[in-house]
Amino acid sequence: MNYKCLDDLKTFLSSSYPEIKTGEWDIVPETCPPEMDGDITVNCFRFAKTFRKSPDEIAQKSLEFLLSHPDVEKAEKIKAFVNVTIKGGALHRDTVGKFCLIMESCNVPESQRKRVLVEFSAPNTNKPQHLGHVRNNTIGMSLASLMKRVGHHVFRINLVNDRGIHICKSMIAYQRFGNGCTPESTGKKGDHLVGDFYVKFDGELRKQLKDLKDQNPELKEKTDEELFLQTEIGRAAQEMLLKWEAGDSETIDLWKKMNSWVFAGFEETYKRMGIEFEHTYLESQTYLLGKTLVEENLKKGIFLKRDDGAVFIDLEDMKLGKKVLLRSDGTSVYITQDLGTTLLKYRDYSPDIQIWVVGDEQIHHFKTLFAVLKKMGFPWAENLHHLSYGMVNLPTGKMKSREGTVVDADDLFDEMVSLAKSAAMERVGEGKIPEDIDRRSEIIGIGAIKFNLLKFNPKTTIMFDPQASIKFEGDTGPYVQYACARINSIGRKAKEAGILIQTEVNWNLASSREEKELSVRIMQYPDVLKMAASKMDSSTVSEYLLDLAKSFNRFYREHSILNSDNDELKKTRIALCFRTRDVLADGLRTLTIDVPEAM
RNA sequence: GCGCCCGUAGCUCAAUUGGAUAGAGCGUCUGGCUACGGACCAGAAGGUUAGGGGUUCAAAUCCCUUCGGGCGUACCA
């Protein structure tokens, strides 16, 4: 959908240049810079190429046409930009006047709708989640939500890393230092309890490594990894892994018990963040899948066997070198497992597109994974995407669990929610504490964290400043939520005053710059969503919501709504407010951020 | 060493994918409630887009180069 005058302009230009096919170009209205005079801008540079005429000539022609159009109040041409001021009534008629149409056109056409599988989170069951996981979860969840919002069929998948040497480390430490404690006996959340034993293991390992090096100076140059199996506790962990793989019942029982604690803890964290999955795969059940693939592809000659028995694939032609897929001892490596699970996911969901939300340090891994799958001849391997996101750093530097500088997810949530609560209490004053204060604070606190992570392009490494994030002013989630709350408040007041809310109002009355700006912004919403979905970048949506909320606050400050000069104008402005609120709320929900009724 | 990514206002980040005089928030400074909610609004200061060269009507964006950072480069996950 577009402004009528621009639709007409397109028809006019098409008939002026009949040799150009209409499907090859489009007129997309752009926002007019604030210092310029106009509601929207037509940038003729963009499509002049198609006509093989000078941008200036096209702009001149467009200007003349627009000046004679009944909807246009005035228009001016600067270089190849045509700034158009549309008459208030006509502008609103084409935008907020067709509000249902705007909301409907957020969906991509039926033919472009895909089955999209989004894998994210993928936690390890040996420690609680931290800020880095929160970014992953938030990006994954909002990406899935965004894809769904524009009409795709989405499956959210989690693949929990619940086996391996790191789990055994926690188990060994628990056996030695746990004294049979449980989440109940300690009052600790399960994932935190298990994480504490992981830390204990690390402490003990460090001690043994130091002793080892002190007693054997010749080992000084060796890395901790190289010496791992030379420590007593390292060997114990390795033995436990072998026992686990052999199905030793005592080991399996302990593993099951500790994992169940972690899962219960994760469940709580996920629930608080609003994270859900259509399905959760467990690596303990999938890690052997890739091995069967190896035999088949060896026969086909796609994979090759080395003299020592290791299996590899040659990716030299794709500049990715040679990649080992099976160790010489016959065990599988990381990428082998990923081959297996990718096929499993394909078999279970037959997606058109698979997306992995995984940190950018694994870019190379996914390049090879996709290359191998292409070599294996799967046509769908063309539609695999690694949505790589950057790390989260702190003002003090990188987060390092060993140095205890990680920001724990649960702690962060608690802190933000309690800050939101005290901020809310301060505002309402003594003796007027609303009943739903806790729910409200939860929505605002969690919303602030999510928005703060989603306002950045996923690709960029970001700095998370806890001090700055506790503020609810400026470029934040609460700022957007606040605009909604204000409008809700107006709605309540209007209802009390007995004002009937109408869908048909006289848009001619809303002719101020602020009202038109709001309307123009609302019109952009479907394109913003679709652009964000195609870029797989939710920050496009956050930026837009901030702009829309800003436009609203400007309008709100400049014009009285419930005290408008007459009833007709009052109703028009209320309608404009409600449509604004609906877009803000829809956008926030698309980012998986809740909207409080009041703040 | 090689490969990929990045360098934008004091700080944190944008820039409609090559388009107007590079924009927001925070911080600093100055103003604004007899009002529908001040988690707000208006204004000011702040930039040779790391440096240099090239491509064109037009470059933060594309190419080359220097410098400075990050991440990879496993029979780890």
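Chain A is the first sequence line, chain B the second, and so forth, proteins listed ahead of strands; every chain is numbered from 1.
Heavy atoms of other residues, nucleotides or ligands lying less than 6.0 angstrom from CD of A/Glu316 number more than 12. The environment of CZ in A/Arg439 is sparse: at most 12 heavy-atom neighbours from other residues, nucleotides or ligands sit within 6.0 Å. Other residues, nucleotides and ligands contribute over 12 non-hydrogen atoms within 6.0 Å of the NZ atom of A/Lys77.
By the 6.0 Å and 45° rule, A/Arg135 does not stack over the aromatic ring of A/Tyr389.
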Atom pairs, protein N/O to nucleotides 41-45 of chain B N/O, distance under 3.5 Å:
{"residue": "B/rC41", "atom": "OP1", "partner": "A/Tyr479", "partner atom": "OH", "Å": "2.4"}
{"residue": "B/rA42", "atom": "OP1", "partner": "A/Arg554", "partner atom": "NH1", "Å": "3.0"}

Could you list the protein-to-nucleotides 7-9 of chain B atom pairs, N/O on both sides, closer than 3.5 Å?
none

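In this structure, A/Tyr544 contributes its side chain and A/Arg521 its backbone to a donor-acceptor pair below 3.5 Å.
Contact record, A/Ser121 with A/Gln129: OG-OE1, 4.3 Å, taken as the closest heavy-atom pair.
The nucleotide B/rU16 finds no pairing partner, because no Watson-Crick or G-U wobble arrangement with both distances shorter than 3.5 Å includes it. B/rG1 is paired with B/rU73 under the Watson-Crick or G-U wobble criterion, all donor-acceptor distances under 3.5 Å.
Regarding contacts with the backbone of B/rA20, every side-chain N or O of A/Lys77 stays at 4.0 angstrom or more from both OP1 and OP2. The phosphate of B/rU17 has OP1 or OP2 within less than 4.0 Å of a side-chain N or O from A/Arg46. Side-chain nitrogen and oxygen atoms of A/Thr460 include at least one within less than 4.0 Å of the OP1 or OP2 phosphate oxygen of B/rA14. An OP1 or OP2 oxygen of B/rC40 is reached within less than 4.0 angstrom by no side-chain nitrogen or oxygen of A/Arg486.
Counting to the nearest Å, the P atom of B/rC36 and the CD1 atom of A/Ile574 are 13 Å from each other. The separation between A/Met399 atom CE and B/rG70 atom C1' is 15 Å, rounded to whole Å. Taking atom CD1 of A/Ile487 as the reference point, atom P of B/rC36 lies 16 Å away to the nearest angstrom. Rounded to an integer number of Å, the gap from A/Asn43 CG to B/rA20 C1' is 9 Å. Here B/rG72 presents its C1' atom at 16 Å from OH of A/Tyr389, a figure rounded to the nearest Å. A/Ile470 has its CD1 atom 13 Å from the C1' atom of B/rC26, to the nearest Å. Whole-Å rounding puts the A/Glu226 CD to B/rC76 P distance at 13 Å. One atom, CZ of A/Phe555, and another, C1' of B/rC36, lie 10 Å apart when rounded to the nearest Å.
Partners of A/Glu245 according to the side-chain hydrogen bond (donor to acceptor under 3.5 Å, both in side chains) rule, which considers only residues two or more places apart in sequence or in another chain, are A/Arg163.
Neither side chain, A/Ser170 nor A/Asn126, offers a donor N or O lying under 3.5 Å from an acceptor on the other.
Within the nucleic acid shown, A/Ala598 comes within 4.0 Å of at least one base atom, counting heavy atoms only.
Atoms SG and CZ, from A/Cys577 and A/Phe552 in turn, are 4.5 Å apart once rounded to the nearest 0.5 Å.
Syn is the classification of B/rU17, since its glycosidic angle stays within 90° of 0.
Side-chain N/O atoms of A/Asn83 and base N/O atoms of B/rA20 include a donor-acceptor pair closer than 3.5 Å. Judged by distance alone, with hydrogens and angles left aside, A/Thr41 brings a side-chain donor or acceptor within reach of the base of B/rA20, the pair sitting under 3.5 Å.
A distance cut-off of 5.5 Å between ring centres, combined with a plane angle under 30°, places A/Tyr556 in a stacking arrangement with the base of B/rC36. Stacking is found between A/Phe81 and the pyrimidine-like six-membered ring of the B/rA20 base under the 5.5 Å centre-distance and 30° plane-angle cut-offs.
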Practice prompt. Please lay out, stage by stage, how A/His386 and A/Leu369 fare under the test side chain to side chain contact (heavy atoms under 4.5 Å, CB included).
Written response: CA-CA 10 Å; A/His386 172 205; A/Leu369 176 68; over 6 Å; no
